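Bear in mind the structure is a predicted one, so any value in this text is a computation, not a measurement. When a residue number appears, it is its place in the shown sequence, counting from 1.
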Amino acid sequence: KISDENFNFLIAGDFTINFYEENENNLIGRISYNTAFLNPNESSIYFELKNIDPDSLIKNKNYDPNFSITVSFFNYFKDKI
């Protein structure tokens, strides 16, 4: 559970972000991505509800159709090359 905006960790390759209901027992969706597709000139990626698996979340009236998540990052290796 990551809720601290100052929490940092190194990610390389495939990663998945899981979304749970508030009680943390019921997985409601997930986003998978690979760092190879990150633009080195940008510092965030933006996901909308339609980008979250399963696709059926879009049809579920329990979730705001305008839901989005922004993942901010920095390129750890950019200055090391």
Side-chain angles (χ1 to χ4, degrees):
K1 183 175 179 179
I2 302 170
S3 58
D4 179 358
E5 66 183 39
N6 296 314
F7 183 82
N8 293 307
F9 54 95
L10 183 62
I11 296 176
D14 294 328
F15 67 91
T16 299
I17 300 170
N18 292 323
F19 296 93
Y20 292 89
E21 287 187 1
E22 194 170 348
N23 65 14
E24 297 186 28
N25 293 325
N26 189 22
L27 177 68
I28 58 173
R30 65 198 166 280
I31 297 171
S32 294
Y33 206 77
N34 187 292
T35 57
F37 297 105
L38 296 175
N39 183 332
N41 299 315
E42 295 179 1
S43 61
S44 65
I45 45 178
Y46 176 80
F47 298 101
E48 296 176 327
L49 187 62
K50 66 183 178 185
N51 303 121
I52 301 173
D53 291 325
D55 295 338
S56 60
L57 286 178
I58 290 176
K59 298 176 188 172
N60 189 325
K61 300 296 181 195
N62 292 324
Y63 304 110
D64 183 345
N66 298 311
F67 174 82
S68 65
I69 182 171
T70 301
V71 178
S72 299
F73 59 90
F74 66 94
N75 189 335
Y76 177 81
F77 297 103
K78 187 175 185 178
D79 297 327
K80 307 240 183 242
I81 298 175

Going from [atom1] on [X] to [atom2] on [Y], what distance comes out if it is rounded to the nearest 0.5 angstrom?
X	Y	atom1	atom2	result
D14	F37	CG	CZ	9.0 Å
E48	I69	CD	CD1	12.5 Å
Y63	L49	OH	CG	9.5 Å
N60	D55	CG	CG	13.0 Å

Without hydrogens or angle criteria, can the side chains of T16 and S32 be said to hold a donor-acceptor pair below 3.5 Å?
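There is such a pair between these side chains.
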
Where do [X] and [Y] come nearest, in terms of heavy atoms and distance?
X	Y	result
G29	P54	CA-CD, 4.1 Å
N18	R30	OD1-CB, 3.4 Å
N34	A36	OD1-N, 2.7 Å

Single-linkage hydrophobic cluster I17~Y20, side-chain heavy atoms < 4.5 angstrom
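I17 and Y20: separate clusters.
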
Does I31 share a hydrophobic cluster with L27, counting links as ILVMFWY side-chain heavy atoms below 4.5 Å and allowing steps through other members?
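In one cluster with I31: L27, no.
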
Is atom OH of Y46 surrounded by more than 12 heavy atoms (other residues, nucleotides or ligands) closer than 6.0 Å?
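Yes, OH of Y46 has more than 12 neighbouring heavy atoms, counting only those of other groups under 6.0 Å.
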
Before giving the answer on side-chain contact (heavy atoms from CB on, under 4.5 Å), spell out for T70 and I45 the whole-Å C-alpha distance, their side-chain angles and the decisive distance to 0.1 Å.
CA-CA 6 Å; T70 301; I45 45 178; over 6 Å; no

If the plane angle is over 60° it's perpendicular, under 30° parallel, otherwise tilted; pick one for F19 and F67.
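Rings of F19 and F67: perpendicular, over 60°.
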
Does any N or O in the side chain of S68 come within less than 3.5 Å of the main-chain N or O of F47, such that one atom is a donor and the other an acceptor?
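No; zero donor-acceptor contacts below 3.5 Å.
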
